[in-house]
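To keep things clear, I will list the structure first and then write my remarks on it.
This chain uses plain numbering: 1 for the first residue, then up along the sequence.
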Amino acid sequence: MSAASAHTPSADLYEAMSTLRAVRRLRTDPIPSDVLERVLQAACWAPTGGNQQPWRVVVATDPAIKQGLADIYAPEWAKFASGFLKRFEGLPADEVAKWERVVAAGDYLADHLGDAPAILVFCANPEKMAITDANLDRVSMVGGGSVYTAVQNSMLACVAEGLGSTLTTLHCLREHEVKSLLGVPDGWATVAMVPIGYPVGRGNGPITRQPPAEMAYRDTFGEAWTG
């Protein structure tokens, strides 16, 4: 028996990955410091280009700071939500209703963001990143691979801890205000805002995503993956 076939997969890890939902309805209950420490430690374990860890995270727990983030976020969400729903005009009613539920959850988050027990604001320093696609004739994306790994790790840890979380980037539309509020220095960018807390209701659970048969190719782009 090969070492690979003898290995037993971690059911807990696969369970966390397959149940990580965007949880936008959060209770106000405080998060114990040891739980928050484990979530942050998970972020620190994430791989980064050259192992440089070119990111930092501001953990907003002060009510005034959280409300300041909420005041920045809410109007941007309102504009986004209005345009988002227009995409589904003319679709069957049950399909529209599904997306209306998503927007309703987003409305709740926008209305209660300041009440979340903690808001993680991830920042990154491009000067510390190996951005190998910087000179290509397209939008640069490689740098994000050295920070969104940490964001994902923190969100998976939230699942393991019974916490809900969601990833948003709408705050970037008013980044200068966010940086001023949080004291983020020049040279650093804000790349993700993740409110976390214990869920109202069910929270994390089964998710719907396209399977490997739709998302993966064998050897060349477009060649069907058959497993």
Side-chain angles (χ1 to χ4, degrees), residues 9 11-29 31 39 66 69-120 122 139 141 144 148-149 151-174 191-218 221-227:
D12 289 345
L13 176 59
Y14 282 94
E15 177 73 13
M17 290 189 292
S18 64
T19 58
L20 174 55
R21 283 181 169 173
V23 181
R24 300 179 177 91
R25 292 183 171 91
L26 305 172
R27 304 203 312 258
T28 59
D29 309 54
I31 302 171
V39 169
K66 292 187 296 179
L69 290 171
D71 292 342
I72 292 169
Y73 178 82
E76 299 306 324
W77 166 257
K79 288 185 287 187
F80 173 83
S82 176
F84 181 77
L85 283 177
K86 289 180 180 178
R87 303 179 195 177
F88 309 105
E89 291 177 354
L91 291 180
D94 58 340
E95 184 73 8
V96 173
K98 178 181 72 173
W99 292 111
E100 286 178 339
R101 289 193 295 272
V102 171
V103 170
D107 290 342
Y108 184 96
L109 177 65
D111 292 340
H112 297 85
L113 181 62
D115 298 326
I119 304 173
L120 310 182
F122 284 85
V139 173
M141 293 183 280
Y148 288 111
T149 49
V151 176
Q152 178 77 347
N153 266 20
S154 70
M155 294 175 72
L156 289 171
C158 282
V159 177
E161 298 289 349
L163 296 168
S165 67
T166 190
L167 165 61
T168 179
T169 58
L170 285 175
H171 71 283
C172 292
L173 296 170
R174 293 166 61 180
V191 297
M193 186 167 71
V194 184
I196 65 175
Y198 294 101
V200 172
R202 184 178 181 185
N204 293 299
I207 58 177
T208 301
R209 299 286 189 275
Q210 294 289 344
E214 299 293 333
M215 303 297 292
Y217 300 130
R218 174 77 72 180
F221 198 98
E223 185 67 25
W225 171 263
T226 56

Check: Which value, rounded to the nearest 0.5 Å, describes the distance between L156 atom CG and D12 atom CG?
Finding: 12.0 Å

Check: Do you know the tightest heavy-atom contact between M17 and I207?
Finding: O-CD1, 3.8 Å

Check: Of all heavy-atom pairs between R174 and I72, which one has the smallest distance, and what is that distance?
Finding: NH1-O, 3.2 Å

Next item on the list: Provide the full list of side chain to side chain donor-acceptor pair (under 3.5 Å) pairs with a residue in residues 152-168, sequence neighbours left out, each pair given once.
Entry: R38-E161

Next item on the list: Please examine the side chains of R21 and P199, heavy atoms only from C-beta on, and report whether any two atoms are closer than 4.5 Å.
Entry: no

Check: Shortest non-hydrogen contact from A81 to V103?
Finding: CB-CG1, 4.0 Å

Checklist line | Distance (rounded to the nearest 0.5 Å) between Y198 OH and L163 CG | finding: 5.0 Å

Notebook entry, point to check: Going from CZ on R209 to CG on L20, what distance comes out if it is rounded to the nearest 0.5 angstrom?
Noted result: 7.5 Å

Check: What is the minimum heavy-atom distance between L26 and V200, and which atoms define it?
Finding: C-CG2, 3.6 Å

Margin query: Holding to ring-ring contact (aromatic ring centres under 6.0 Å, His included), I want the full list of residues that pass it with Y148, two or more places apart in sequence or in another chain.
Written below: none

Item checked: Heavy-atom pair with the smallest gap, counting every atom of A16 and V159 -> CA-CG1, 3.8 Å

Note to self: Test side chain to side chain contact (heavy atoms under 4.5 Å, CB included) on L69 and H171; report intermediate values, then the result.
What the structure shows: CA-CA 8 Å; L69 290 171; H171 71 283; 5.9 Å; no

Checklist line | All pairs passing side chain to side chain donor-acceptor pair (under 3.5 Å) where residues 100-115 contributes a residue, at least two apart | finding: W77-D107

Check: Where the side chain of K66 meets the backbone of A116, is there a donor-acceptor pair that is under 3.5 Å apart?
Finding: yes

Check: If every non-hydrogen atom of L109 is compared with every non-hydrogen atom of P195, which pair is closest and at what distance?
Finding: CD1-CG, 3.9 Å

